[in-house]
Amino acid sequence: MTSTTHSPLPGPGGPAPDKLAFTVPSGRRRVTPVRVGREFRRDRLLPQLIRKAVLDDEGQQCVQVRLSAKDAANPAARALLDTEAGTALRLNQVLGDTEYATLFPRIVGYELDTAEPFLLYDPPRGTAVARIHVMSATDQEVFTRDLMLALCLLEGQGLVPRGVSPATVFWDGAKVQLWGLESVTRAGRPRRPWGRSPFCSPEQRRGEGLADSRDAVWSAAQVLYQLVTGRTGPADRPPADLGEHRKLDQTLRDAFAPRAAERPTPAQVLDLVAPGAARRVRLAVPPDETRPHHEAFEEALRHKRQAPSGRSSTEMRSDSEVLCPYCLETIRLDLTKLFVTDSRMQYQPLDVKGINNPVRRTDVMRGAVQKCTADPEFPAHYIPVPYLTYGRPLTVAMVGQSSTGKSHLLAQMIAAITDGGLEPFGLKWQSVNPEQHARFVRDRVQPLRNGKVLDHTAALGMDDFARFVESLLITDVRGQVRPVAFFDLGGEDLVRTDAALRFLLGVDALIFVVDPALALALPQLDHARDRLGVEVNRDGDLAFGTVLDRLPKSGGYVDVPAAMVLGKADLLRFQPPVDSWLSRSPATSLDPALMREESRDLYGLLRRHAGQAWLRPFDAIRRCTLHIASATGGQEDHGRYPAGAGPRRVLEPLLALLAMHGLIEVPGGAEALAVGEAPALEAVPWEQAAGAEGAGEPERFERSSERSFERSDGPEEPEGSEGRELQ
């Protein structure tokens with residue numbers, strides 16, 4: 001991209017300017033007339049288009065980077081624009097008005113959940129290095145310093161720019177500006193082929209290993225070599241004539257090493273050209289404000305581990321006992337009470353005695369229901385026969401106020417299961433009732449996948465009762481089959497305290513869905529609140545409180561396993577720590593340490609920006625994990641999702657619940673998944689510890705104490721949005 005190839009903008013006598021609505025970095029909405037110039041493709045291998053623009057409410061000149069409607073229909077193209085926006089906003093937040101802010105493009109605004117998403121920047125400062133033929137030795141030193149400053153700042157945020165090249169580095173004679181933010185990935189994620197030779201590192205070109213900040217050092221060294229010599233260097237080794245260029249040789253010889261492990265870091269190169277600069281960069285970045293909240297999370301887990309462990313009423317039932325999910329009475333298969341539905345969806349009695357063919361009999365029974373008469377006072381209700389023939393079922397209830405996205409999340413969970421999302425965990429599935437499953441897929445899953453916004457869940461009548469909306473048979477690695485049924489009530493029903501909520505007493509697992517617009521007082525959510533007509537509620541979700549108040553406690557905690565989900569997380573996809581979790585690929589294994597890290601991060605976000613009331617499920621339930629997910633990947637526009645509904649990390653909450661119920665085996669066991677393993681110091685009573693110390697073993701006690709506070713962070717999982725389009 002250069003700043004000199006734009007055509008002139010239409011003058012005052014030209015056509016009337018269009019209106020442009022977008023969000024500024026502070027979260028405020030801005031609507032302004034705009035005039036735009038001719039557009040062109042920023043890079044022939046990338047989908048983004050670029051053009052000059054003037055915002056006529058202030059006469060502000062800027063550059064618009066956008067996707068056409070055709071390109072925006074491609075999720076990978078949208079992911080690139082999201083990456084660029086997220087990086088630009090992150091740098092804007094971290095660097096603010098510091099002297100380092102000018103090293104990167106300054107974002108003016110963005111609009112991403114629309115048919116033609118775009119970003120707005122201040123115009124590029126300077127000229128692309130690709131247009132500079134030679135640079136003086138003095139300028140080389142300043143150029144190297146600034147470029148390494150930029151790489152140091154990105155490294156400090158755990159980011160690796162893969163697109164450093166003469167086309168993305170600008171120079172105005174005094175200072176560098178680094179563009180190409182769509183190329184940024186997170187350190188530690190698998191490398192994917194990106195960029196042009198020789199500016200992409202050998203490992204990056206081949207897509208080998210994990211992304212490393214030293215990949216960008218290779219790229220910077222190649223840019224400098226071209227500036228010094230006027231030609232490109234070799235793609236996989238140091239230039240043969242490097243020794244002829246003294247300053248370049250002294251500073252960057254090791255940067256041309258074929259392997260990242262043999263190259264210096266950006267900070268090491270920076271300290272060669274500007275001693276002490278790397279330390280000043282670290283001091284300029286705002287301190288981490290999450291530590292007190294993370295410590296509070298660990299303290300909460302410690303209290304849970306030390307509390308007496310009770311057993312829920314569902315755990316105390318035998319595996320062969322089936323509880324009717326509606327009336328909560330014990331029910332057994334009774335062949336004299338079977339029914340099937342006719343073409344008018346009316347129940348008709350079924351007599352299976354006359355069906356002698358065992359294959360046909362099994363098939364008919366799978367589609368049949370049994371009338372439950374265990375409680376004659378309860379309204380008539382029917383249970384699918386397979387629900388009664390595979391041992392104790394597992395019921396899951398979705399909890400949250402209206403419009404929190406519960407139904408969208410559940411629909412995408414079922415869609416992920418039907419797409420094979422359980423297979424990496426050794427689980428298989430089939431529907432409990434084929435007709436019910438087909439209806440759920442037809443009415444909920446398919447419309448959402450096609451980009452349609454689902455209607456709100458209908459409220460129950462005064463004399464009605466809660467029914468599960470979908471049920472599946474899940475087979476674990478041992479061959480054991482369990483029916484899993486999902487309840488999804490409207491928010492207005494979940495704040496009731498009458499008999500309609502009696503089903504909660506038999507529920508085996510809970511999924512609490514947090515709406516960020518209701519919970520988090522962050523300015524970037526103001527536009528969503530205005531559009532939805534809601535306000536921040538510092539008192540928490542009313543449905544959470546009603547449900548928790550109906551459940552019995554043992555040892556001070558509710559013993560029904562639960563997962564809390566920050567739904568609609570796409571609203572915060574550029575907000576740490578949401579950005580790092582939401583960009584991960586779906587899990588293919590369960591790492592308890594990684595799951596606790598996500599729980600800790602979300603706990604910190606809610607505690608800091610929402611308040612303790614929104615954490616009531618975690619505080620009240622002994623085994624409770626926290627998750628970040630988006631059922632749609634973006635916000636609706638006129639009743640549809642412009643790029644379709646792209647779910648992100650929707651299955652993880654259910655996987656955690658299945659693990660806590662023993663259907664998925666995890667290291668340390670189901671208990672450790674939610675509350676963690678007790679460190680050695682915590683497990684030993686203080687009286688015994690004091691006795692050991694008094695017995696002449698203080699050194700050994702101190703060593704065990706130090707080890708007890710060690711923890712291991714799991715590796716990040718791969719991104720799913722980056723392609724091979726830049727080879």
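Here the structure is a predicted model, which means the values were calculated and not measured. We use all heavy atoms of the structure for the numbers below, so side chains are in, but hydrogens, waters and symmetry mates are not.
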* From CA spacing to verdict: salt bridge (charged side-chain N to carboxylate O under 4.0 Å, His left out), Glu295, Arg291 -> CA-CA 6 Å; Glu295 290 175 348; Arg291 182 174 178 178; 3.0 Å; yes
* Test log, rule salt bridge (charged side-chain N to carboxylate O under 4.0 Å, His left out), inputs Asp579 and Arg186 -> CA-CA 11 Å; Asp579 55 351; Arg186 293 186 178 276; 3.3 Å; yes
* Stepwise side chain to side chain contact (heavy atoms under 4.5 Å, CB included) check, Leu651 with Phe425 -> CA-CA 12 Å; Leu651 201 52; Phe425 306 91; 5.5 Å; no
* Asked: Given Leu154 and Phe104, is the side chain to side chain contact (heavy atoms under 4.5 Å, CB included) satisfied, shown in steps?
  -> CA-CA 10 Å; Leu154 289 169; Phe104 302 97; 4.0 Å; yes
* What do the steps show when you test Thr265 against Val217 for side chain to side chain contact (heavy atoms under 4.5 Å, CB included), and what is the final call? -> CA-CA 7 Å; Thr265 66; Val217 171; 5.8 Å; no
* Determine, stepwise, if the pair Glu677 / Arg305 fulfils side chain to side chain contact (heavy atoms under 4.5 Å, CB included). => CA-CA 8 Å; Glu677 296 177 332; Arg305 289 191 294 266; over 6 Å; no
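Annotation: side chain of Gln140 is not in contact with side chain of Leu227 (no heavy-atom distance under 4.5 Å). Side chains of Asp570 and Arg648 form no contact here, defined as non-hydrogen atoms less than 4.5 Å apart. At least one side-chain heavy atom of Glu597 sits less than 4.5 Å from a side-chain heavy atom of Leu594. Between Asp236 and Pro258 there is no side-chain heavy-atom pair separated by less than 4.5 Å. At a threshold of 4.5 Å between non-hydrogen side-chain atoms, the residues Leu112 and Arg573 count as touching. Taking the side chain as every heavy atom from C-beta outward, Phe199 and Val164 never approach each other to under 4.5 Å. Residues Tyr225 and Arg231 meet the side-chain proximity criterion, which asks for heavy atoms closer than 4.5 Å. Between Leu147 and Leu103, every side-chain heavy-atom pair lies at or beyond the 4.5 Å cut-off.
A distance of 9.0 Å separates OG1 in Thr168 from CG in Leu181, rounded to the nearest 0.5 Å. Distance CD/Gln93 to CG/Leu89: 8.5 Å, rounded to 0.5 Å. Expressed to the nearest 0.5 Å, how far CD of Gln177 lies from CZ of Arg106 amounts to 11.0 Å. Interatomic distance, OG1 of Thr102 versus CZ of Arg125, reported as 5.0 Å (0.5 Å rounding). Taking CG from Leu49 and OG from Ser68, the interatomic distance works out to 6.0 Å, rounded to the nearest 0.5 Å. Rounding to the nearest 0.5 angstrom, the gap separating the CD atom in Glu155 from the CE atom in Met148 is 11.0 Å.
In terms of the side-chain contact (heavy atoms from CB on, under 4.5 Å) criterion, Ala137 has no residue partners (sequence neighbours excluded). Shown here are the ring pair (Phe, Tyr, Trp, His ring centres under 6.0 Å) partners of Phe618, two or more places apart in sequence or in another chain: Phe297, Tyr603.
Between the Arg78 side chain and the Ala72 main chain, a donor and an acceptor come within less than 3.5 Å of each other. The closest donor-acceptor contact from the side chain of Arg66 to the backbone of Pro117 lies at 3.5 Å or more, if one exists at all. Between the side chain of Gln222 and the main chain of Pro234, a donor-acceptor pair closer than 3.5 Å is present. Of the possible donor and acceptor atoms, one in the side chain of Arg41 sits under 3.5 Å from a partner among the backbone N and O of Leu46. Under the 3.5 Å distance criterion, the side-chain polar atoms of Ser583 are matched with a main-chain donor or acceptor of Ser580. Proximity of a side-chain donor or acceptor of Gln64 to a complementary backbone N or O of Phe118 within less than 3.5 Å is not detected. Here the side chain of Trp179 pairs no donor or acceptor atom with the backbone of Ala167 at under 3.5 angstrom.
For Arg608, the CZ atom counts as densely surrounded, since its 6.0 Å shell holds more than 12 non-hydrogen atoms of other residues, nucleotides or ligands.
Looking at Glu203 and Arg263, a side-chain N of the basic residue comes within less than 4.0 Å of a carboxylate O on the acidic one, giving a salt bridge. Look at Arg42 and Glu84 and you find a salt bridge, because one of the NZ, NE, NH1 or NH2 atoms lies within 4.0 Å of a carboxylate O, short of that distance. A salt bridge does not link Asp212 to Arg259: none of the charged side-chain nitrogens sits closer than 4.0 Å to a carboxylate oxygen. Arg649 has a carboxylate O that lies under 4.0 Å from a charged side-chain N of Glu598, or vice versa, which qualifies the two as a salt bridge. Between Lys568 and Asp113 there is no salt bridge, since no side-chain nitrogen of the basic residue lies less than 4.0 Å from a carboxylate oxygen of the acidic one.
Judged by distance alone, the side chains of Gln204 and Arg162 never bring a donor and an acceptor atom under 3.5 Å apart. With no hydrogens or angles considered, no side-chain donor-acceptor pair links Gln48 and Asp43 at under 3.5 Å. The closest side-chain donor-acceptor pair between Thr185 and Arg192, if any, does not fall under 3.5 angstrom. A donor-acceptor pair shorter than 3.5 Å cannot be found between the side chains of Asp82 and Tyr110.
Counting all heavy atoms, side chain and backbone alike, Pro576 lies closest to Leu605 at O-CD1, 4.0 Å. Here the closest heavy-atom approach between residue Ala277 and residue Asp271 is recorded as N-OD1, 3.5 Å. Listed here is the closest heavy atom pair of Leu301 and Ala674: CD2-O, 3.7 Å. For the pair Ala101 and Gly96, the tightest heavy-atom approach, listed with the atom from each and the gap, is CB-O, 3.3 Å. Annotation for Pro516 and Gly567: closest pair CD-O, 3.0 Å, computed over non-hydrogen atoms. Looking at every heavy atom in both residues, Pro667 comes nearest to Leu590 through CD-O, 4.0 Å.
Listed by first and then second residue, the salt bridge (charged side-chain N to carboxylate O under 4.0 Å, His left out) pairs involving residues 133-145 are Glu141-Lys247 (not counting sequence neighbours).
Asp146 pairs with exactly one of Val176, Leu178, Val273, Leu270 by the side-chain contact (heavy atoms from CB on, under 4.5 Å) rule, that one being Val176.
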